[in-house]
Asker: 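Before I ask anything, here is the structure I am working with.
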Protein chains: 2
Amino acid sequence: MGRAPSVDDAVLLRHLTEIFRQSGYEGASLTALSSASGLHRASLYHRFPSGKPGMAAAVLESVEHAFADIVAPLTSESDPTAAVEEMARRVGVFYAQGRLACVLDTMTLRGAPDDIRARAAHLATSWLTAMADVARRAGASEEDARRRARAALVRIEGSLILARVLDDPAEFQLALAELPQMLIRRPAPAG
Amino acid sequence: MGRAPSVDDAVLLRHLTEIFRQSGYEGASLTALSSASGLHRASLYHRFPSGKPGMAAAVLESVEHAFADIVAPLTSESDPTAAVEEMARRVGVFYAQGRLACVLDTMTLRGAPDDIRARAAHLATSWLTAMADVARRAGASEEDARRRARAALVRIEGSLILARVLDDPAEFQLALAELPQMLIRRPAPAG
DNA sequence: GTCTATATTTGGATAGAC
DNA sequence: GTCTATCCAAATATAGAC
């Protein structure tokens with residue numbers, strides 16, 4: 001067996017993800033990916049023989065894994081409200097409380113390869129399904145559950161943009177705080 | 001006086017805007033800007049001596065004008081609900097019913113010049129103020145009006161991302177349809 | 001004002017030494 | 001597995017003819 005990698009696969013992916021999610025596919029230059037990861041460009045090509053498209057695909061795959069963990073509480077936690085609260089907490093960590101952009105946003109701009117766009121669409125659909133499932137489990141109808149899930153994703157993505165544009169994560173934090181009531185039917189007002 | 005421009009300033013800006021909003025600042029190559037506008041690269045430098053940064057600045061300035069028109073009904077139309085409905089209609093046109101991205105999103109990614117980001121922040125703030133004004137005029141408190149305006153912008157931006165990622169403008173169209181009730185207090189339920 | 005031609009830099013990618 | 005060196009294409013930008 002050959003020499004051990006100087007940078008762990010998982011760590012490398014984290015660094016590459018950081019660049020792709022902030023700059024988009026076209027904006028992520030090999031130079032930026034190189035300096036963020038600490039590997040020279042040629043070394044990146046050794047780890048990803050298919051080049052930048054391969055790096056982007058690996059990044060999206062790692063983000064898929066990250067999201068599997070983010071939505072895991074939705075099925076493992078029996079109380080729907082507690083489940084959504086835990087998901088919201090993990091979403092906050094993933095987006096650095098609103099300081100990092102979403103790959104669904106930045107990696108679907110013009111210039112991104114089709115397979116990247118397809119992966120992004122699949123990722124969004126999976127997330128929507130997971131959120132709709134917990135809403136249905138909490139008593140929402142099929143149609144209402146899907147509507148709530150879409151509203152939640154719209155709000156997360158939109159609040160991330162506001163956070164970036166206004167350089168203020170407040171709207172994103174508010175979105176996270178209100179995720180439970182967006183997905184789970186509020187109890188009927190007393191009186 | 002010299003030769004007349006082969007492409008009108010306003011038309012030129014429209015073409016440049018199309019590229020920047022779809023590809024972002026870094027992704028908008030001179031070649032793409034050239035072929036979209038019908039002018040060769042050197043001609044673009046004649047019209048914009050400061051190059052790509054100047055083009056991007058001019059694009060954002062033209063978008064500012066476009067938004068001045070989009071929000072105009074909020075002050076010119078006396079009925080708040082009708083005002084928001086007309087704004088929603090114009091927003092739909094500007095975003096081609098959800099098929100075009102928002103410059104607030106794409107032109108604020110890493111790589112964009114600081115003055116572009118500053119202009120984007122100013123544009124977002126102006127829009128928020130205009131929407132909050134109409135909400136307040138319809139009876140909302142200062143705090144509630146601002147909250148509603150932010151929710152409306154979050155929803156527009158988020159639904160545009162969903163439209164792009166899922167390749168389905170439905171969520172954006174729904175957002176537009178519900179803008180009036182998001183900004184204007186719903187009448188108390190009868191009974 | 002627009003064009004062709006060109007300079008210069010950056011980006012993506014490969015070869016081969018260690 | 002990582003590095004230096006290099007190649008080629010694309011991107012930004014300029015010069016000068018028309």
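Throughout, protein chains are lettered first and strands after them, A, B, ... in sequence-line order, and every chain is numbered starting at 1.
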Asker: Can you give me the closest heavy-atom contact between B:V165 and A:A121, atom names plus distance?
Answerer: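 Nearest heavy atoms, B:V165 then A:A121: O-CB, 3.5 Å.
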Asker: Please give, in whole Å, the distance from D:dC3 P to A:H40 NE2?
Answerer: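 So the two atoms are 5 Å apart, to the nearest Å.
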Asker: List in chain and number order the residues that pass ring pair (Phe, Tyr, Trp, His ring centres under 6.0 Å) with B:Y45, two or more places apart in sequence or in another chain; answer none if no residue qualifies.
Answerer: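 Result, ring pair (Phe, Tyr, Trp, His ring centres under 6.0 Å) vs B:Y45: none returned.
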Asker: Counting heavy atoms from C-beta on, name the nucleotide in D:dT2, C:dT2, D:dT4 closest to the side chain of A:H46.
Answerer: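 Output: D:dT2.
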Asker: Nearest-Å distance, CD1 (B:I19) to P (D:dT12)?
Answerer: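 B:I19 atom CD1 is separated from D:dT12 atom P by 12 Å.
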Asker: Rounding to a whole Å, what distance do you find between B:F48:CZ and C:dT2:P?
Answerer: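 After rounding, the gap between these two atoms is 11 Å.
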Asker: Could you tell me the separation between the CG atom of A:L39 and the P atom of D:dT2, rounded to a whole number of Å?
Answerer: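 That distance rounds to 5 Å.
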Asker: My understanding is that only residues two or more places apart in sequence, or in another chain, count here; which of them pass side-chain contact (heavy atoms from CB on, under 4.5 Å) with B:A145?
Answerer: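 If we apply the side-chain contact (heavy atoms from CB on, under 4.5 Å) test to B:A145, skipping adjacent residues, the hits are B:A132, B:A135, B:R136, B:A140.
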Asker: With respect to the phosphate group of D:dG1, does any side-chain polar atom (N or O) of A:S6 fall under 4.0 Å of OP1 or OP2?
Answerer: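 So the side-chain polar atoms of A:S6 never come under 4.0 Å of the phosphate oxygens OP1 or OP2 of D:dG1.
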Asker: Taking only residues two or more places apart in sequence or in another chain, which ones pass ring pair (Phe, Tyr, Trp, His ring centres under 6.0 Å) with B:F48?
Answerer: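 Result, ring pair (Phe, Tyr, Trp, His ring centres under 6.0 Å) vs B:F48: none returned.
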Asker: Report the residues that fulfil side-chain contact (heavy atoms from CB on, under 4.5 Å) with B:S141, sequence neighbours left out, ordered by chain and then residue number.
Answerer: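 For B:S141, the residues satisfying side-chain contact (heavy atoms from CB on, under 4.5 Å) (neighbours in sequence not counted) are B:E143, B:D144.
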Asker: Summarise protein proximity over nucleotides 8-18 of chain C in one line of letters, 5' to 3': B for base, S for sugar-phosphate only, - for none, counting protein heavy atoms closer than 4.0 Å.
Answerer: ---SSBBB--B
Asker: Using side-chain contact (heavy atoms from CB on, under 4.5 Å) as the criterion, list what pairs up with B:D8, not counting sequence neighbours.
Answerer: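 B:A10, B:V11.
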Asker: Base, sugar-phosphate, or nothing: which does B:S43 touch, judged by heavy atoms less than 4.0 Å apart?
Answerer: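 Base, at least one base heavy atom under 4.0 Å.
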